[in-house]
Amino acid sequence: VGGRFDIDYVVDYYDSYTNRSTNGAEGSGRLNAIGVSFGLLLNNNQMFLGKGAGDLILSKYSNYKKTGENFKYDLGYGVRTGFLQILIQTGVLGTIFFLALYFNIFIRIYKSYKISINLIDKSFLLGALGVAIVFTLDFMFYSEISITAPAFFYPSIIIFAFAYNTRISN
């Protein structure tokens, strides 16, 4: 507070945060982690099916000692996105199925929104579309919370969308 704004500092900080290499205690930055993750799967011939579900989960049965799941392959904070977590564990096939789930939910909500004539229903469905978009963006680019939170949010939205479609079609 009361200091000056230095755009060079902001650019340097952003660059070091997103483009950090795996050489160091912090691991990869967010952008480098994408290439490192794909390389990890390609080098081990595991691109299609991944390394296995639960591979990044740190537990007492894990065979690595660094704290936090993100450091198993020296990826660090960069592998924190849901997309990379799913990609490493389930490969391209599992990632496609997971993204298809998001797409299916989005389409169902959108179809319900389009056929809705009730203003309250339209408002709810428009909000649900917004949340679905935010969860998808979060999954792709920011955090892994989108892997666990839909377990609570999406079923209620899907039930509402199905119930609404059933009510309209009868």
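The shown structure was predicted, so the numbers you read here are calculated from the model rather than taken from an experiment.
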#### Entry: Shared hydrophobic cluster, Phe135 / Met140 (ILVMFWY, side-chain heavy atoms < 4.5 Å)
yes
### Aromatic ring pairing Phe83/Phe139, orientation class (parallel under 30°, perpendicular over 60°, tilted between)
perpendicular
### Task
Could you grab the distance from atom OG of Ser37 to atom CD1 of Ile88, nearest 0.5 Å is fine?
3.5 Å
### Single-linkage hydrophobic cluster, 4.5 Å side-chain cutoff, Ile96 and Leu84 together
yes
### Task
Decide whether Leu87 and Leu42 are clustered together by the hydrophobic rule: side chain heavy atoms of Ile, Leu, Val, Met, Phe, Trp, Tyr closer than 4.5 Å, transitively.
yes
### Task
Look at the side chain of Ser116 and the backbone N and O of Ser112, then say whether any donor-acceptor pair between them is shorter than 3.5 Å.
no
### Query
Are Ile107 and Leu137 grouped together when hydrophobic residues (ILVMFWY) are joined by side-chain heavy atoms under 4.5 angstrom apart?
yes
### Query
Mind checking whether Leu126 and Tyr102 sit in one hydrophobic cluster, side chains of I, L, V, M, F, W, Y counted as touching below 4.5 Å?
yes
### Sole residue of Leu99, Ile105, Asn104 in side-chain contact (heavy atoms from CB on, under 4.5 Å) with Leu101
Ile105
### Backbone of Thr81 reached by a side-chain donor or acceptor of Gln85 within 3.5 Å
no
With a cut-off of 3.5 Å and sequence neighbours excluded, list every side-chain donor-acceptor pair involving residues 45-52.
unit_1 : atom_1 : unit_2 : atom_2 : d
Gln46  : OE1    : Lys51  : NZ     : 2.6

### Query
Is Thr136 close to Phe103 at the side-chain level, that is, under 4.5 Å between some pair of heavy atoms?
no
### Query
To the nearest 0.5 Å, what is the distance between CG (Asp121) and OH (Tyr113)?
12.0 Å
### Task
Specify the closest pair of heavy atoms between Asn44 and Leu40, including all atoms of both residues, with the distance to one decimal.
ND2-O, 2.9 Å
### Task
State the OH-CG distance between Tyr110 and Leu129, to the nearest 0.5 angstrom.
8.5 Å
### Query
Got a second to check how far Asp12's CG is from Tyr9's OH, nearest 0.5 Å?
9.5 Å
### Message
Looking at every heavy atom in both Thr95 and Thr90, which two are closest together, and how far apart are they?
### Response
N-OG1, 3.6 Å
